[in-house]
Amino acid sequence: MSGFDTSYDSVRSATMPPLRRSGIALGLGKGQLSLLGLALVVVVIANVTRGLPGVLGSFWLWLPLLTLATGQWRGRSLTERLGVEALFAFRRAIGKTTATVDVDAHRTESKLEIPGAIGERLNLLELVGTSVQGAGFVWDAAAGTATAVLRFSTDSFDLAATTQKNSRADAFGQACRTVAAMEGVSRVVTYARTIPRPTTYLSTDPSRSLSAAASEQYRELLSSTALGGAPYRDVLVTITVYRAAVKNEVKAAGGGRAGVSAVLQTRVSELVSALRGTGVSARNAAWLDGAAIRGACRLAFDPTAAVWLDPRDGIPAHNVAVTSLAEHRDHLEVDSAVARTWWVERWPNDPIQAGFLSALISSGDHWHTVTQVWVPAGLAASEKRLNNDTSALATLQRVNKSLGREQSTGQDREEESLAMRRTDLIAGYGDVRYSVYVTAIAPEVSDLDAIGRWVTKTVPGTGLNPLKAQQWAAFTQAALPLGIPARTS
């Protein structure tokens with residue numbers, strides 16, 4: 001490959017700060033502070049009434065409260081983790097971890113048949129009064145948000161020259177700043193899909209003029225086993241707009257669905273412009289309609305549907321996305337397979353280079369989706385987060401100093417990240433919170449375990465959280481291209 005630099009020796013790199021949950025004080029949230037205060041009250045009362053013997057004798061009460069208030073499990077607070085487990089146990093007790101869909105029920109094109117409350121609150125609507133004909137969006141009545149779903153192809157990152165890689169990295173950083181400045185945009189999500197399909201979809205277009213010899217050679221290649229499953233790959237992008245934040249703009253554009261459509265088209269245009277130079281190709285880009293969104297959901301639930309359903313096509317309302325599912329602590333059972341979603345909760349300690357996830361996105365012959373979520377925050381919210389995170393780190397540094405401990409490398413990375421965030425804030429750019437998920441579908445649970453090992457091998461140094469007791473929520477947020485808010489616990 002003469003002319004191409006496939007090494008990473010001089011590609012842009014950055015350190016990823018450790019994940020931290022900001023709190024009101026000492027890095028603790030309201031519930032944790034309440035438990036800590038209750039533990040201190042017990043200690044004070046015991047000390048006042050009976051002195052040191054009373055404090056020691058009441059340890060069975062204040063010690064569990066103190067543990068719940070300050071304890072952590074895999075970087076998350078114990079109170080939060082216990083809440084997740086309790087909710088899952090309650091849902092399982094009342095039969096909410098299983099669901100079926102009545103395939104014979106009457107359906108309309110505006111409904112998205114997904115079990116549970118999500119399917120009840122979402123509607124597929126068509127844009128009105130815009131220049132984009134036939135495009136649709138997902139309206140979330142409960143959240144008051146409108147989500148556009150776009151499909152892009154991307155140019156290979158690994159085969160690009162080093163200068164091109166750096167140019168894309170710089171353009172992507174600027175794109176994040178642009179997203180942070182978009183009024184009313186609550187999140188942008190990318191779903192890099194790998195869908196194994198029969199090689200028949202690679203057949204040549206009849207309109208193309210190929211010689212008889214070339215056509216015959218191509219047919220022989222498709223009929224051989226050299227291509228394996230020939231997985232289909234693309235990237236779906238959702239951009240979600242919070243209606244209340246742009247109500248004046250919606251009203252000025254005519255109000256109602258027409259106003260929302262106009263604002264959504266404007267934000268999509270801004271996003272597409274921001275992505276120029278990042279390697280995203282607009283040649284075959286498409287704004288999905290309701291049928292195509294429904295088809296994407298069907299493929300997320302049912303990998304066998306790829307035999308007859310082209311990922312670029314849609315399905316009518318009577319063709320439901322899924323007929324049954326059962327949620328377990330660490331996976332889902334759907335119609336024809338099992339699924340699992342992992343959250344990338346830990347990044348490598350060493351600096352990672354641009355394109356770190358490219359091997360995960362562009363390799364592997366099994367069904368998987370790599371989901372990246374960007375959640376922008378306003379300047380006021382960004383400053384509040386920055387001050388909270390700075391205060392929490394300063395408290396930890398004081399504790400380390402009093403104990404004579406050296407600052408950890410993770411704290412060094414967080415300190416660098418805080419300084420960069422402050423620089424961006426001074427320049428007028430708010431925070432853009434970033435998280436990554438990987439969803440896999442396979443015939444058996446053992447296959448999911450194998451895919452999990454493949455992920456950790458492909459992106460070494462990362463830590464995967466299987467999001468136990470919240471697999472259904474994780475799947476709907478990370479595998480279904482609907483722009484649903486992501487959960488990180």
Side-chain angles (χ1 to χ4, degrees), residues 3-6 8 10-14 127 130-137 146-193 233-241 246 249 261-289 292 296 311-312 352-358 360-362 370-376 424 427-434 436 481 483:
F4 290 91
D5 180 5
T6 58
Y8 279 77
S10 56
V11 176
R12 299 274 192 272
S13 63
L127 292 180
T130 69
S131 59
V132 185
Q133 299 297 321
F137 65 93
T147 299
V149 186
L150 315 172
R151 184 178 61 247
F152 293 98
S153 59
T154 57
D155 297 328
S156 173
F157 188 86
D158 294 330
L159 298 181
T162 299
T163 54
Q164 291 176 310
K165 294 175 181 177
N166 288 332
S167 177
R168 290 189 195 179
D170 294 339
F172 189 80
Q174 184 56 48
C176 286
R177 293 186 174 93
T178 301
V179 169
M182 288 184 186
E183 185 178 2
V185 173
S186 58
R187 58 193 164 273
V188 174
V189 186
T190 64
Y191 309 80
R193 304 188 299 174
R233 307 184 201 274
D234 69 3
V235 177
L236 299 182
V237 179
T238 63
I239 178 171
T240 301
V241 175
V246 292
E249 196 173 348
S261 299
V263 173
L264 199 56
Q265 182 183 13
T266 300
R267 297 299 183 271
V268 167
S269 299
E270 293 173 352
L271 177 64
V272 172
S273 297
L275 291 177
R276 291 196 178 102
T278 64
V280 173
S281 174
R283 291 189 301 270
N284 300 314
W287 186 331
L288 273 59
D289 59 13
R312 295 162 293 189
I352 60 176
Q353 295 172 319
F356 178 73
L357 296 176
S358 62
L360 188 63
I361 292 172
S362 61
V370 180
T371 306
Q372 301 179 72
V373 184
W374 290 267
V375 180
D424 285 344
Y429 299 110
D431 278 349
V432 178
R433 292 209 163 182
Y434 175 68
V436 177

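Just so it is clear, the model here is predicted, and its values are computed rather than measured.
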Check the pair Val370 / Tyr191 against side chain to side chain contact (heavy atoms under 4.5 Å, CB included), numbers first and verdict last.
CA-CA 6 Å; Val370 180; Tyr191 309 80; over 6 Å; no

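- Leu150 CG to Thr238 OG1: the interatomic distance, rounded to the nearest 0.5 Å, is 8.5 Å.
- The distance from the CE atom of Met182 to the CD1 atom of Ile239 is 5.0 Å, given to the nearest 0.5 Å.
- Remark: side-chain polar atoms of Ser362 are paired, donor with acceptor, to backbone N or O of Ser358 under 3.5 angstrom.
- Nearest heavy atom pair, residue Ala354 against residue Ala169, reads CB-CB, 3.9 Å.
- At a cut-off of 3.5 Å, with distance as the only test, no side-chain donor of Glu270 or Thr178 sits close to an acceptor on the other residue.
- Scanning both residues, Ala180 and Pro376, for their nearest heavy atoms gives CA-CB, 3.7 Å.
- A donor-acceptor pair under 3.5 Å is formed between the side chain of Thr278 and the backbone N or O of Leu275.
- With rounding to the nearest 0.5 Å, the separation of CG in Leu357 from CD in Gln372 is 5.5 Å.
- Val268 and Ala148 make their closest contact through CG2-CB, 3.8 Å (heavy atoms, listed as atom of the first residue, atom of the second, distance).
- For the atom pair Tyr434 OH and Cys176 SG, the distance stands at 9.0 Å (nearest 0.5 Å).
- Nearest heavy atom pair, residue Arg276 against residue Ala171, reads O-CB, 4.2 Å.
- Within the 4.5 Å cutoff, the side chain of Trp374 has heavy atoms near those of the Thr190 side chain.
- The distance from the CG atom of Asp170 to the NZ atom of Lys165 is 14.5 Å, given to the nearest 0.5 Å.
- Put simply, the side chain of Trp287 gets close to the backbone of Gly136: a donor and an acceptor are under 3.5 Å apart.
- Formation of a donor-acceptor pair under 3.5 Å by the Arg151 side chain with backbone atoms of Val237 is not found in this model.
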| said: Does Val246 form a side chain to side chain contact (heavy atoms under 4.5 Å, CB included) with Val241? I'd like the steps, not just the answer. | reply: CA-CA 8 Å; Val246 292; Val241 175; 3.8 Å; yes

Run Val132 and Gln265 through side chain to side chain contact (heavy atoms under 4.5 Å, CB included) and show every step you take. CA-CA 8 Å; Val132 185; Gln265 182 183 13; 3.5 Å; yes

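- The heavy-atom pair separating Ala292 from Leu288 by the smallest distance is CB-CG, 3.6 Å.
- Using modelled atom types, one side-chain atom of Asn166 and one backbone atom of Ser10 make a donor-acceptor pair closer than 3.5 Å.
- By the 4.5 Å heavy-atom criterion applied to side chains, Val189 and Thr371 are counted as neighbours.
- A pairwise comparison of heavy atoms in Ala192 and Ile361 identifies CB-CG2, 3.5 Å as the closest pair.
- A donor-acceptor pair under 3.5 Å links the side-chain atoms of Gln164 to the main chain of Ala161, judged by distance alone.
- Within the 3.5 Å criterion, the main-chain N or O of Glu183 finds a donor-acceptor partner in the side chain of Arg267.
- Atom CZ of Phe137 sits about 9.5 Å away from atom OG1 of Thr147, to the nearest 0.5 Å.
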